[in-house]
Amino acid sequence: MPTNAKTSRRLKAGASRERIRIRDAQAARRARREQAQVKQKRLSTPERVSGYTDAVFAVVITVTVLELHPPASAKIGALLSLWPTAVSYLVSYVFVAIVWINHHFVMGYVKQTTLRVIWLNFTHLFFVSLLPFATAWIAATELARAPVVVYTSFFVVTDGAYNLFEREVLRNSSDFSAAELRVSRRRSLTALALFAAAALVALIQPAAGMGFAALALLLHLRPDAARKSRLTLRRHG
């Protein structure tokens with residue numbers, strides 16, 4: 001009996017040491033994961049993504065305005081010949097402003113940047129960066145058919161890339177209900193369809209295509225994220 005008791009105590013002591021070893025190993029793994037998460041948050045934050053995006057938009061606006069060349073004549077009437085440049089610059093400026101405003105409010109719901117969010121943002125910025133080229137082309141060709149089709153097509157792909165970015169951010173946010181996400185999604189798809197219609201109409205009538213593009217911009221004047229932010233602030237006093 002004494003031998004059996006000693007054996008039992010040794011087994012219990014061994015089992016206890018094994019449990020402690022397993023618990024310590026699990027605690028060490030948790031600590032490593034937490035350290036990795038802290039490091040990831042420090043290296044990739046929403047503020048860094050917003051800062052880089054703001055810089056890109058600023059450059060796009062600057063490059064676009066540099067395409068505004070004054071007329072060679074000193075007469076006021078010479079400005080009338082620049083109407084294609086004025087129209088293209090105005091639409092492009094409003095488009096960039098609306099895209100930035102929507103992006104600004106959506107970034108407020110990014111709690112932690114993921115690699116997917118970063119790449120979707122870069123894809124969106126890629127198409128935004130092409131806007132000065134398309135703007136200069138339609139201005140130089142006085143809203144000719146092919147340049148306007150390309151210009152409105154850039155709106156389609158830019159808005160499509162933004163929709164993917166917005167969807168990725170909002171679906172991972174606890175601030176939006178499923179019903180609110182559906183409403184936001186319908187509005188975004190409606191605007192995208194209008195941009196696509198603008199590109200198709202431009203094949204027949206470039207000026208009408210520009211009009212459809214301007215109409216689509218109206219749907220993005222008030223971002224869903226901005227409306228949600230206002231309601232949240234009101235709810236919290």
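These values consider heavy atoms only, across backbone and side chains, with no hydrogens, waters or symmetry-generated copies.
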Practice problem: With side-chain contact (heavy atoms from CB on, under 4.5 Å) as the test, would you mind laying out the steps for Val157 and Ser153 before giving the verdict? | Solution: CA-CA 6 Å; Val157 293; Ser153 296; 6.0 Å; no
Exercise. Report, as yes or no, whether the 6.0 Å neighbourhood of atom CG on Leu66 holds more than 12 heavy atoms from other residues, nucleotides or ligands.
Key: yes
Quiz item: Can you find a heavy atom in the side chain of Val96 that is under 4.5 Å from one in the side chain of Leu131?
Solution: yes
Self-check item: Distance-minimising heavy-atom pair for Ser88 and Tyr151
Solution: O-OH, 3.6 Å
Practice problem: Report the residues that fulfil side-chain contact (heavy atoms from CB on, under 4.5 Å) with Tyr93, sequence neighbours left out, ordered by chain and then residue number. | Solution: Ile61, Tyr89
Quiz item: Side chain of Arg145, backbone of Leu203: donor and acceptor closer than 3.5 Å?
Solution: yes
Quiz item: Mind checking whether Tyr109 and Leu120 sit in one hydrophobic cluster, side chains of I, L, V, M, F, W, Y counted as touching below 4.5 Å?
Solution: yes
Quiz item: Just wondering, do Phe133 and Phe154 contact through their side chains at under 4.5 Å, heavy atoms?
Solution: yes
Self-check item: Heavy-atom pair with the smallest gap, counting every atom of Ser81 and Pro84
Solution: O-CD, 3.6 Å
Exercise. Give, for atom CG of Leu192 and atom CZ of Arg187, the distance between the pair rounded to the nearest 0.5 Å.
Key: 13.5 Å
Self-check item: same_hphob_cluster(Phe126, Trp119) at 4.5 Å side-chain heavy-atom cutoff
Solution: no
Self-check item: Shortest non-hydrogen contact from Pro46 toward Lys111
Solution: CG-O, 4.1 Å
Practice problem: Look at the side-chain heavy atoms of Ile, Leu, Val, Met, Phe, Trp and Tyr, link any pair under 4.5 Å apart, and say whether Leu218 and Leu194 land in one connected group. | Solution: yes
Exercise. For Phe122, enumerate each residue passing the ring pair (Phe, Tyr, Trp, His ring centres under 6.0 Å) test, keeping only those at least two apart in sequence or located in another chain.
Key: Tyr52
Quiz item: Quick one: does Val156's side chain get under 4.5 Å of Asp159's, heavy atoms only?
Solution: no
Exercise. Grab the two heavy atoms, one from Thr152 and one from Ala202, that are nearest each other, plus how far apart they are.
Key: OG1-CB, 4.2 Å
Quiz item: Transitively linked via ILVMFWY side-chain contacts under 4.5 Å: Trp100 with Met107?
Solution: yes
Quiz prompt | Close side-chain approach of Phe212 to Leu200, heavy-atom, < 4.5 Å | solution = no
Quiz item: How would you list all residue pairs meeting side-chain hydrogen bond (donor to acceptor under 3.5 Å, both in side chains) that involve residues 121-141, not counting sequence neighbours?
Solution: Thr53-Asn121, Ser92-Thr135, His103-Asn121
Quiz item: Looking at Ala216 and Ala191, what are the two nearest heavy atoms and their distance?
Solution: CB-O, 3.8 Å
Exercise. Please report the C-alpha distance between Ile118 and Val49 in whole Å, then the side-chain angles of each, then the deciding distance to 0.1 Å, and finally whether the side-chain contact (heavy atoms from CB on, under 4.5 Å) criterion is met.
Key: CA-CA 7 Å; Ile118 293 173; Val49 174; 4.3 Å; yes
Practice problem: Specify the closest pair of heavy atoms between Leu217 and Ile98, including all atoms of both residues, with the distance to one decimal. | Solution: O-CD1, 3.5 Å
Exercise. Can you sort out the partners of Phe95 under ring pair (Phe, Tyr, Trp, His ring centres under 6.0 Å), two or more places apart, ordered by chain and number?
Key: Phe155
Quiz item: Quick one: are Pro147 and Leu143 in side-chain contact, heavy atoms under 4.5 Å?
Solution: no
Quiz item: Linking Ile, Leu, Val, Met, Phe, Trp and Tyr through side-chain heavy atoms less than 4.5 Å apart, which residues share a cluster with Val63?
Solution: Val59
Quiz item: Linking I/L/V/M/F/W/Y whenever any side-chain heavy atoms sit under 4.5 Å apart, do Ile101 and Leu215 land together?
Solution: yes
Exercise. Kindly indicate whether the side chain of Arg48, heavy atoms from C-beta on, has any atom under 4.5 Å from the side chain of Thr45.
Key: yes
Quiz prompt | side chain to side chain donor-acceptor pair (under 3.5 Å) partners of Arg171, counting only residues at least two apart | solution = Glu168
Quiz item: Would Leu125 and Phe57 count as a side-chain contact (heavy atoms from CB on, under 4.5 Å) if you check the C-alpha gap in whole Å, the side-chain angles of each, and the deciding distance to 0.1 Å?
Solution: CA-CA 8 Å; Leu125 292 180; Phe57 278 113; 4.1 Å; yes
Quiz item: Which residue, Val91, Val87, Val148, forms the side chain to side chain contact (heavy atoms under 4.5 Å, CB included) with Ile138?
Solution: Val148
Self-check item: Separation of Arg185 CZ from Glu166 CD (nearest 0.5 Å)
Solution: 8.5 Å
Quiz item: Should His104 and Asp54 count as side-chain neighbours, where that means a heavy-atom distance under 4.5 Å?
Solution: no
